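Reviewing the structure listed below.
From a predicted model like this one, the values you see are computed outputs, not experimental measurements.
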Amino acid sequence: MDFLLTEDQQAFRLRLREWLKNNLPANWKNGHFSPPIDDASRGAVLRDWESSVYKAGFAGLHWPTAYGGHGLTLVEHFIYGEECGRVGAPEGINPIGRELVAGVLLHAGTELQKKHYLPRIAACTDIWCQGFSEPQAGSDLTALKTRAVERDGNWVINGQKIWTSYAQHADMCLMLVRTSSNGKKNQGITMIAVPMTTPGITRRGIQQLDGVWDFNEVFFDDVVVPMENTIGPVGEGWRVSGAVLAIERATTRLYRQARYVHELQHAYRSACSRRSGSDESDALRQSIARAYSQLLVLRALNVRFVSRIVAGEQVGPEASILKQCWSHFHQDSTSVIAEILGEDHWFPPDDDLDCERFLPVYLHSRAETIFAGTSEIQKDIISERLLGMPRGR
């Protein structure tokens with residue numbers, strides 16, 4: 001995306017690139033911890049990593065200076081994501097805070113909320129999780145049943161959330177709760193910031209297929225939260241979250257696209273160190289070319305959305321196209337990586353090729369067409385809202 005950059009932005013990229021070269025976590029290698037560390041240690045190291053990013057001046061780049069940011073543009077924010085992905089740097093432990101909550105607050109938060117929460121997100125003082133999905137309301141958030149009732153000037157919350165990433169580390173939770181049953185299903189939903197130390201909150205981890213504990217189910221039993229923690233108007237949480245989720249889907253993927261290329265290149269280098277290039281079949285070369293081409297298409301789509309957002313244009317349901325592409329393209333590229341590495345992918349050798357990175361990535365990618373909005377839901381959005389097709393149900 002160099003064609004978008006001014007001289008100052010090009011200098012920013014070079015300064016960031018040099019800083020990343022010298023400041024990745026000591027035990028971080030090729031996009032993962034090597035050797036592996038337990039969840040508690042992992043959380044502590046990633047919190048320290050985000051703190052170092054903040055101290056180096058790379059956090060909250062495009063936020064106003066009044067809220068702990070640097071007053072730069074979204075372009076610098078996108079450069080940061082792409083450069084981190086290019087070297088397989090950690091995504092961090094607070095992407096919910098940085099990419100979702102910050103956008104919600106800037107869009108709908110009060111002045112007091114912005115001044116309190118945003119600097120703490122930038123410094124990684126507060127880690128956030130997202131309390132949206134529920135056991136019976138995953139893809140259809142309008143079916144959520146977690147309820148908040150007003151009592152003595154507070155919200156009293158009861159219910160359950162699931163697939164709550166980073167909840168075991170989180171200090172705060174951005175929640176959608178039902179505050180009224182009147183009107184349509186998407187009405188009467190309110191957004192609330194909930195401190196995770198509040199009495200009545202129980203967290204229970206869910207181990208994923210790749211062995212990592214990032215997901216959780218969280219229970220809320222008579223959890224009392226001040227009314228001033230409401231973000232946006234009461235009853236309009238669906239509208240507030242929808243406006244920001246579209247932007248989030250369209251603006252956070254330059255990191256992932258660059259990281260996916262890093263994975264593919266690393267796998268190819270590892271395979272080439274074990275065999276000569278003549279051992280590649282025409283079919284394998286075609287598979288590699290197809291996967292790499294898809295990732296280039298993904299970058300072009302990212303840059304297109306970046307350009308629109310920087311120009312002040314609104315991004316709506318078309319963001320679902322990008323979600324479809326990054327999730328399916330990554331599944332394709334990890335399948336090609338498995339083909340490239342052969343048995344080294346499934347049974348990583350104990351050597352300096354660092355092949356143990358790839359199996360967890362492969363397993364995690366299988367879920368990417370489910371989380372952040374299932375492919376089926378994204379197809380519905382594309383067909384109904386972009387193509388004008390009739391609802392299928």
Side-chain angles (χ1 to χ4, degrees), residues 8-9 11-28 31-33 37 39-107 109 111-130 165-174 193 195-197 214 244 247-248 251-256 258-259:
D8 286 345
Q9 289 163 347
F12 172 83
R13 184 195 282 278
L14 294 176
R15 178 165 63 88
L16 170 62
R17 188 172 292 180
E18 184 66 20
W19 184 85
L20 288 170
K21 179 181 177 181
N22 298 314
N23 289 277
L24 292 177
N27 56 337
W28 186 264
H32 72 141
F33 288 109
I37 57 178
D39 183 73
S41 299
R42 177 171 168 266
V45 171
L46 290 177
R47 189 187 281 263
D48 287 345
W49 158 252
E50 295 214 29
S51 179
S52 70
V53 170
Y54 168 73
K55 291 174 182 176
F58 296 119
L61 291 167
H62 62 296
W63 304 350
T65 55
Y67 309 136
H70 293 276
L72 300 177
T73 72
L74 276 168
V75 174
E76 282 83 3
H77 172 67
F78 298 136
I79 292 172
Y80 173 81
E82 186 169 45
E83 286 300 312
C84 285
R86 187 183 65 84
V87 296
E91 188 171 14
I93 199 170
N94 202 22
I96 301 297
R98 294 192 317 268
E99 305 292 351
L100 177 63
V101 178
V104 168
L105 290 169
L106 289 169
H107 175 72
E111 192 68 13
L112 185 61
Q113 289 170 342
K114 294 173 186 177
K115 288 183 175 179
H116 175 73
Y117 291 124
L118 286 169
R120 296 176 66 84
I121 292 172
C124 206
T125 303
D126 287 340
I127 295 171
W128 286 71
C129 60
Q130 175 185 331
S165 300
Y166 310 105
Q168 74 271 36
H169 304 293
D171 306 289
M172 298 291 300
C173 181
L174 182 72
M196 290 296 284
T197 54
D214 272 342
V244 179
I247 296 176
E248 186 266 344
T251 61
T252 63
R253 304 314 172 199
L254 274 171
Y255 165 82
R256 293 190 179 183
R259 196 192 79 209

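The two residues Lys114 and Pro119 have their closest heavy-atom pair at O-CD, 3.5 Å. Between Pro195 and Ala193, the shortest heavy-atom distance links the atoms CD-O, 3.8 Å. Scanning both residues, Leu106 and Leu118, for their nearest heavy atoms gives CD2-CD1, 3.7 Å.
Every pair tested for salt bridge (Lys or Arg N to Asp or Glu O under 4.0 Å) that includes a residue from residues 54-72 fails, sequence neighbours excluded, so the list is empty. Contacts classified as side chain to side chain donor-acceptor pair (under 3.5 Å) and involving residues 44-53 (residues at least two apart or in different chains) are given here: Arg47-Asp171, Glu50-Arg98.
For the side-chain contact (heavy atoms from CB on, under 4.5 Å) test, residues two or more places apart in sequence or in another chain that qualify with Ala40 are Asp38. Asp39 meets the side-chain contact (heavy atoms from CB on, under 4.5 Å) test with Arg42, Gln168, His169, Trp213; sequence neighbours excluded. Considering only residues two or more places apart in sequence or on other chains, Arg17 meets the salt bridge (Lys or Arg N to Asp or Glu O under 4.0 Å) condition with Glu83. For Asn22, the side-chain hydrogen bond (donor to acceptor under 3.5 Å, both in side chains) partners at least two apart in sequence or on another chain are Glu18. Here Tyr80 pairs with nothing under the ring-ring contact (aromatic ring centres under 6.0 Å, His included) rule; sequence neighbours left out. A search for side-chain hydrogen bond (donor to acceptor under 3.5 Å, both in side chains) contacts involving Arg15 returns nothing, not counting sequence neighbours.
In this structure, Tyr166 and Asn94 have side chains that are not in contact, with every pair of non-hydrogen atoms separated by 4.5 Å or more. A 4.5 Å side-chain heavy-atom check between Leu20 and Arg86 finds every atom pair outside the cut-off. Residues Leu24 and Pro90 form a side-chain contact, since some pair of their non-hydrogen atoms from C-beta on lies under 4.5 Å apart.
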Audit row: Leu105, Ile121, side chain to side chain contact (heavy atoms under 4.5 Å, CB included) steps and yes/no: CA-CA 11 Å; Leu105 290 169; Ile121 292 172; 4.2 Å; yes
Check against side chain to side chain contact (heavy atoms under 4.5 Å, CB included), Val45 and Phe33: CA-CA 10 Å; Val45 171; Phe33 288 109; 3.6 Å; yes
CA sep, side-chain torsions, deciding dist, call: His70, His77, side chain to side chain contact (heavy atoms under 4.5 Å, CB included): CA-CA 11 Å; His70 293 276; His77 172 67; over 6 Å; no
Leu46/Cys124 under side chain to side chain contact (heavy atoms under 4.5 Å, CB included): CA gap, chis, key distance, verdict: CA-CA 10 Å; Leu46 290 177; Cys124 206; over 6 Å; no
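Between the CD1 atom in Ile96 and the CH2 atom in Trp128 there is a gap of 11.5 Å [rounded to 0.5 Å]. Between the OG1 atom in Thr197 and the CE atom in Met172 there is a gap of 8.5 Å [rounded to 0.5 Å]. Note that the CD1 atom of Ile79 and the CG atom of Leu74 stand 11.0 Å from one another [nearest 0.5 Å]. Atom CD1 in Ile93 sits 11.0 Å away from atom OG in Ser165 (nearest 0.5 Å). In this structure, NZ on Lys21 lies 13.5 Å from CG on Leu16, to the nearest 0.5 angstrom.
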Compile the donor-acceptor pairs under 3.5 Å between side chains in residues 56-67 and protein atoms, sequence neighbours left out, one pair per line.
unit_1: Tyr67; atom_1: OH; unit_2: Glu111; atom_2: OE1; d: 2.9
unit_1: Tyr67; atom_1: OH; unit_2: Glu111; atom_2: OE2; d: 2.8

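Without hydrogens or angle criteria, Trp19 side chain to Val53 main chain gives no donor-acceptor distance under 3.5 Å. One N or O on the side chain of Tyr255 and one on the backbone of Glu91 form a donor-acceptor pair closer than 3.5 Å.
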